[in-house]
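For this chain, numbers begin at 1 and follow the sequence in order.
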Amino acid sequence: MKTVRIWFEKRGDVKYISHLDLNRAILRGLQRSELPIWYTEGYNKHAYITFALPLPLGFESLCESFDFRLMEDLPMEEVVERLNAQMPEGIRIYDACEPADKPDAIAYADYRVRFLLEGMTPAESLATFHRMAEGETLILPKKTKKGIREIDVRPMFEVKDSYADEQLAVVLLRTHAGSRENLNPALLFEALAEREGRALWDVDYLRSDILTGVYDDLWER
């Protein structure tokens with residue numbers, strides 16, 4: 001028996017299904033694939049899968065993963081092919097491998113956020129975001145294990161790049177992520193809209209990479 005890590009994209013309308021529904025869809029795909037997967041013991045036997053960093057509702061991603069166990073050795077290319085044939089539209093498996101890093105090695109995630117503030121041009125929307133993000137502190141209400149607390153999230157993200165095209169403002173962010181500390185980038189843009197008293201139009205979030213505590217090292221595929 002060995003553990004296999006599956007890497008997949010989540011794109012399009014499937015971003016609107018919850019993590020629980022995603023878990024169910026992937027479990028059904030695993031069962032239909034007829035791979036020799038390991039099932040838990042006991043009365044209610046089921047395939048056991050674990051996700052390293054569950055994706056927030058409404059986000060797309062290029063770098064999602066889950067782990068499961070195989071009872072037999074199979075070529076990884078065959079695992080990818082058989083799973084892809086059973087996945088719903090919007091989920092594309094692109095790699096399978098034995099895990100290198102454990103999930104607790106995750107410390108950062110990269111995101112691309114495209115957005116527009118009501119009544120503003122892309123350039124104006126971008127400038128407004130920078131005015132908020134470049135302060136020494138940014139106190140926002142954040143859900144924690146102890147409930148909603150006002151905390152300074154400014155140390156928890158970095159703007160890697162930004163630009164305005166003809167239609168939208170685009171921000172590339174690196175945020176704290178993982179089990180120790182995690183920042184959902186939607187928190188920043190919802191706060192921006194509230195502070196400006198303007199609706200947030202055409203916003204979309206894409207997770208592009210997951211990184212370890214070494215900062216520039218990708219979490220191993």
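Inter-residue side-chain proximity for V203 and V113 is flagged as met; some heavy-atom pair is nearer than 4.5 Å. By the 4.5 Å heavy-atom criterion applied to side chains, R174 and L211 are counted as neighbours. Within the 4.5 Å cutoff, side-chain heavy atoms of M1 are placed close to those of M71. Side-chain contact between L62 and R112 is absent, with no heavy atoms from C-beta onward closer than 4.5 Å. Residues H176 and Y108 have side chains in contact (heavy-atom distance under 4.5 Å, counting atoms from C-beta outward). Residues F8 and I26 are in side-chain contact: their nearest non-hydrogen atoms beyond the backbone lie under 4.5 Å apart.
Distance check: I106 CD1 to S65 OG gives 6.5 Å after rounding to the nearest 0.5 Å. Separating the CG atom in L53 from the CD atom in E64 is a distance of 7.0 Å, to the nearest 0.5 Å. If you take CG on L173 and CG on L188, they are separated by 6.5 Å, rounding to the nearest 0.5 Å. Note that OG1 of T175 and CD of E158 are 11.0 Å apart. Values are rounded to the nearest 0.5 Å. Atom CE of M156 is separated from atom CG of L183 by 4.5 Å, given to the nearest 0.5 angstrom. A distance of 11.5 Å separates CZ in F115 from CG in D204, rounded to the nearest 0.5 Å.
Between the side chain of E60 and the backbone N or O of G12 there is at least one donor-acceptor pair closer than 3.5 Å. Distance alone, capped at 3.5 Å, is enough to place a donor-acceptor pair between the R5 side chain and the D101 backbone.
Side-chain heavy atoms closer than 4.5 Å link hydrophobic residues (I, L, V, M, F, W, Y) into clusters, and following such links, even through other members, never connects F59 to V14. Under the 4.5 Å side-chain heavy-atom criterion for ILVMFWY residues, a single connected hydrophobic cluster contains both L200 and L126. Follow the hydrophobic side-chain contacts under 4.5 Å out from I6 and you reach I91 in the same cluster. A continuous path of Ile, Leu, Val, Met, Phe, Trp and Tyr side chains, each step under 4.5 Å between heavy atoms, connects M87 with L70, placing both in one hydrophobic cluster. Linking ILVMFWY side-chain heavy atoms closer than 4.5 Å, directly or via other members, places F51 and V4 in a single hydrophobic cluster.
In terms of the side chain to side chain contact (heavy atoms under 4.5 Å, CB included) criterion, residue partners of V80 (sequence neighbours excluded) are, by chain and number, N84, I93, A96. Legend: residues meeting salt bridge (charged side-chain N to carboxylate O under 4.0 Å, His left out) with R24, ordered by chain and number and at least two apart, are D21. Applying the side chain to side chain contact (heavy atoms under 4.5 Å, CB included) test to E124 and every residue at least two apart in sequence or in another chain returns M120, T121. Applying the side chain to side chain donor-acceptor pair (under 3.5 Å) test to R82 and every residue at least two apart in sequence or in another chain returns E78. Every residue two or more places apart in sequence or in another chain that forms a side chain to side chain contact (heavy atoms under 4.5 Å, CB included) with E118 is listed here: R198, A199, W201. Evaluation of the ring pair (Phe, Tyr, Trp, His ring centres under 6.0 Å) rule for Y163 yields no partner, not counting sequence neighbours. Taking E89 as the reference, nothing meets the side chain to side chain donor-acceptor pair (under 3.5 Å) condition, with sequence neighbours excluded. For the salt bridge (charged side-chain N to carboxylate O under 4.0 Å, His left out) test, no residue two or more places apart in sequence or in another chain qualifies with R131. The salt bridge (charged side-chain N to carboxylate O under 4.0 Å, His left out) search around R69 returns none, not counting sequence neighbours. For A133, the side chain to side chain contact (heavy atoms under 4.5 Å, CB included) partners are F129, F157, not counting sequence neighbours. Every residue was checked against the salt bridge (charged side-chain N to carboxylate O under 4.0 Å, His left out) condition with D13, not counting sequence neighbours, and none meets it.
Minimum heavy-atom separation, I151 to K142: CD1-CD, 3.2 Å. Residues C63 and S208 approach most closely at SG-C, 3.6 Å, considering heavy atoms. Closest non-hydrogen pair, Q86 versus G29, comes out as CB-O, 3.6 Å. Looking at every heavy atom in both residues, S125 comes nearest to A169 through CB-CB, 4.3 Å. In terms of heavy-atom proximity, P141 sits nearest to L187 at O-CD1, 3.5 Å. Closest of all the heavy-atom pairs between L117 and E196 is CD1-CG, 4.3 Å.
Environment of NZ in K2: crowded, with over 12 heavy atoms of neighbouring residues, nucleotides or ligands closer than 6.0 Å. With a 6.0 Å radius and a threshold of 12 heavy atoms from other residues, nucleotides or ligands, Y39 has its OH atom above the threshold. When the shell of 6.0 Å around CD of E194 is examined, it contains 12 or fewer heavy atoms from other residues, nucleotides or ligands.
Applying the salt bridge (charged side-chain N to carboxylate O under 4.0 Å, His left out) test to pairs two or more places apart or on separate chains, none has a residue in residues 25-35.
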Verify side-chain contact (heavy atoms from CB on, under 4.5 Å) between M132 and L138, making sure each step is shown before the conclusion.
CA-CA 8 Å; M132 181 188 77; L138 181 55; 3.7 Å; yes
